[in-house]
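Worksheet for the structure shown next.
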Amino acid sequence: MEYITQPWAWYVAGPVIAFIMFLLFYFGERFGVSSNLETFCSIGGAGKFTDYFKIDWKQNSWNLIFVAGAIAGGFIASNWLSPSDVVALNPQTIQDLSDIGIANAGATYLPDEIFSIDTMLSVKGFFVLLIAGLMVGFGARWAGGCTSGHAIVGLSNLEIPSLISVIGFFIGGLVMTWFILPLIF
Amino acid sequence: MKYIKFFLVGILFGIVMSKAEIISWFRIYEMFKFQSFHMYGIIGSAVLLGMVSMYFFRKNVVKTFEGNEIHVAPKKRGLYRNLLGGTLFGLGWALAGACPGPMFVLVGKGVVSILVVIFGATLGAFLYGLFKDKIPH
């Protein structure tokens, strides 16, 4: 049990993710989480605004079930498989975050400065969360995939579009982390 | 019943995302600061093993459980689509510290504020659908 409750190393997590991708193909589907966002739109009636969302979303039901499982898995892991919420970060990372105004880095999974209820209920905090989501959702559908569809499946399949997308992920991620985050907090 | 297997795979996904701390905002920040090998090791080893899977799919050594060939449809080509869409995604990924998969896992962890991010992401997908004919691909 100790092997399960301690944090999992990269050489455990990577193969498990590859196994998940394999299983979904074996079950006749394809690993890709961000397409669910379009399914939400279709279910919510977005087809009234543009034909893009007029799809038979029921064929994506399996993916909604997968997401429901992911939520359940998160619940199981945090309630029964994780005695500690501490993330063993590089000390330099903790120092860098302290310098830009994010305290106690690694004491929990998420910074209070972004995710606490008080932050969410402030105007600035709410818009940080909303805009982060907007960029993820718009960007993922524009690029035709997110980390699962492009970085895992696409790169595994040696696809040039996925390589370009992942380069984009890093351009955006580096600009945000190095230049924009220090201005926000 | 045919859906229960997807629920179980989803549970495994939620557990690995949690236990390997991939759902931690701090791990994403650390990755983009190049201060840890953790995330690179995860993505790298998943992709290497994924390549092996793809090889067996292409050679038809592995078929679906129903005996059909596994065909991996290629992603859409287009420099603007992939580079600009990818960059916008990356900006959001580093700010939210979560890509779409981990967002849902965080709901299971009980993080209320991630619902705002998921709402934003759904709205983002909707806006893409509205404006997709007006942006370069």
Side-chain angles (χ1 to χ4, degrees), chain A residues 8 10 13-14 16-18 22-23 25 28 33-34 37-38 40-41 50 52 62 65-67 69-75 77-78 87 90 93 109-110 115 120 129-130 132-144 146-147 155-157 159 161 164-165 168-169 171-173 176-177, chain B residues 3 6-7 9-11 13-16 18-21 24-26 30 32 35-36 38 41-42 45-47 49-51 53-54 64 70 72 75-77 82-83 85-92 94-96 99-101 104-105 107-109 113 116-117 120-122 124-126 128-129:
Chain A
W8 295 6
W10 64 265
V16 170
I17 292 168
F22 174 88
L23 279 178
F25 276 118
V33 183
S34 72
L37 300 171
E38 289 186 354
F40 292 166
C41 294
T50 166
Y52 182 70
W62 72 271
I65 304 290
F66 175 82
V67 163
I71 295 172
F75 180 86
S78 68
V87 181
N90 184 333
T93 306
Y109 271 33
L110 305 171
F115 292 100
M120 180 185 80
L129 293 164
L130 186 73
L134 272 172
M135 292 194 292
V136 167
F138 196 107
R141 295 330 301 158
W142 193 1
C146 60
T147 326
L155 288 187
S156 292
N157 204 30
E159 294 201 40
I164 297 170
S165 288
F169 295 172
I171 294 172
M176 177 57 68
T177 299
Chain B
Y3 286 127
F6 295 110
F7 189 70
V9 179
I11 288 178
F13 178 76
I15 291 175
V16 70
S18 303
K19 289 308 303 173
E21 300 166 342
S24 169
W25 185 95
F26 297 115
E30 194 184 40
F32 283 125
Q35 288 165 340
S36 170
H38 186 72
I42 290 171
S45 60
V47 168
L49 288 168
M51 286 175 186
S53 297
M54 295 295 182
T64 69
I70 296 174
V72 184
K75 286 286 191 187
K76 289 175 185 157
R77 293 184 172 271
N82 288 293
L83 194 62
T87 301
L88 188 64
F89 174 85
L91 287 164
L95 182 56
C99 44
F104 294 107
V105 181
V107 173
K109 192 175 166 57
S113 51
V116 178
V117 182
T122 307
F126 175 65
Y128 170 74

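Protein chains get the first letters and strands the later ones, always in sequence-line order, with residue 1 at the start of each.
- With a 4.5 angstrom heavy-atom cutoff, B:Met54 touches chain A only via side-chain atoms.
- Under the 6.0 Å cut-off for aromatic ring centres, A:Phe66 and B:Phe6 do not qualify, their centroids lying 6.0 Å or more apart.
- Only the backbone of B:Lys76 comes within contact range of chain A, with at least one heavy atom under 4.5 Å from a heavy atom of that chain.
- When all heavy atoms of B:Gly108 and A:Ser78 are compared, the pair lying nearest together is O-OG, 4.1 Å.
- Counting all heavy atoms, side chain and backbone alike, B:Ser24 lies closest to A:Val87 at OG-CG2, 3.8 Å.
- Atom CG of A:Asn157 is separated from atom NZ of B:Lys75 by 10.5 Å, given to the nearest 0.5 angstrom.
- A donor-acceptor pair is defined here as one N or O able to donate and one able to accept, closer than 3.5 Å; no such pair exists between the side chain of B:Glu30 and the backbone of A:Thr93.
- Using a 4.5 Å cut-off between heavy atoms, A:Met176 contacts chain B through both its backbone and its side chain.
- Side-chain contact between A:Val136 and B:Val117 is absent, with no heavy atoms from C-beta onward closer than 4.5 Å.
- Considering only heavy atoms from C-beta on, B:Leu95 stays 4.5 Å or farther from A:Thr177 through its side chain.
- In this structure the side chain of A:Ile71 never reaches within 4.5 angstrom of the side chain of B:Val105, judged on heavy atoms.
- B:Ile70 touches chain A through its side chain: at least one heavy atom from C-beta onward sits under 4.5 Å away, while N, CA, C and O do not.
- Looking at residues two or more places apart in sequence or on another chain, you find a salt bridge (charged side-chain N to carboxylate O under 4.0 Å, His left out) between B:Lys109 and A:Asp85.
- Rounded to the nearest 0.5 Å, atoms CH2 (A:Trp62) and CZ (B:Phe7) are 15.0 Å apart.
- Shown here are the side chain to side chain contact (heavy atoms under 4.5 Å, CB included) partners of B:Ala121, two or more places apart in sequence or in another chain: A:Leu37, B:Met103.
- Side chain of A:Tyr52 to main chain of B:Tyr128: no donor-acceptor pair is present (N/O by atom type, distance under 3.5 Å, no hydrogens or angles).
- The parts of A:Ile65 that come within reach of chain B are both its backbone and its side chain, each placing non-hydrogen atoms under 4.5 angstrom from that chain.
- With B:Ser113 contributing its side chain and A:Phe115 its backbone, the two residues share a donor-acceptor pair below 3.5 Å.
- B:Asn82 places no side-chain N or O within donor-acceptor distance of the main-chain N or O of A:Ile164, the cut-off being under 3.5 Å.
- Side-chain rings of B:Phe89 and A:Phe138 stay apart, their centers remaining 6.0 Å or farther from each other.
- For B:Glu21 (side chain) and A:Tyr109 (main-chain N/O), no donor-acceptor pair under 3.5 Å exists by modelled atom type.
- Of all non-hydrogen atoms in A:Phe25 and B:Thr64, the two that sit nearest each other are O-CG2, 3.6 Å.
- Inter-residue side-chain proximity for A:Trp8 and B:Ile15 is flagged as met; some heavy-atom pair is nearer than 4.5 Å.
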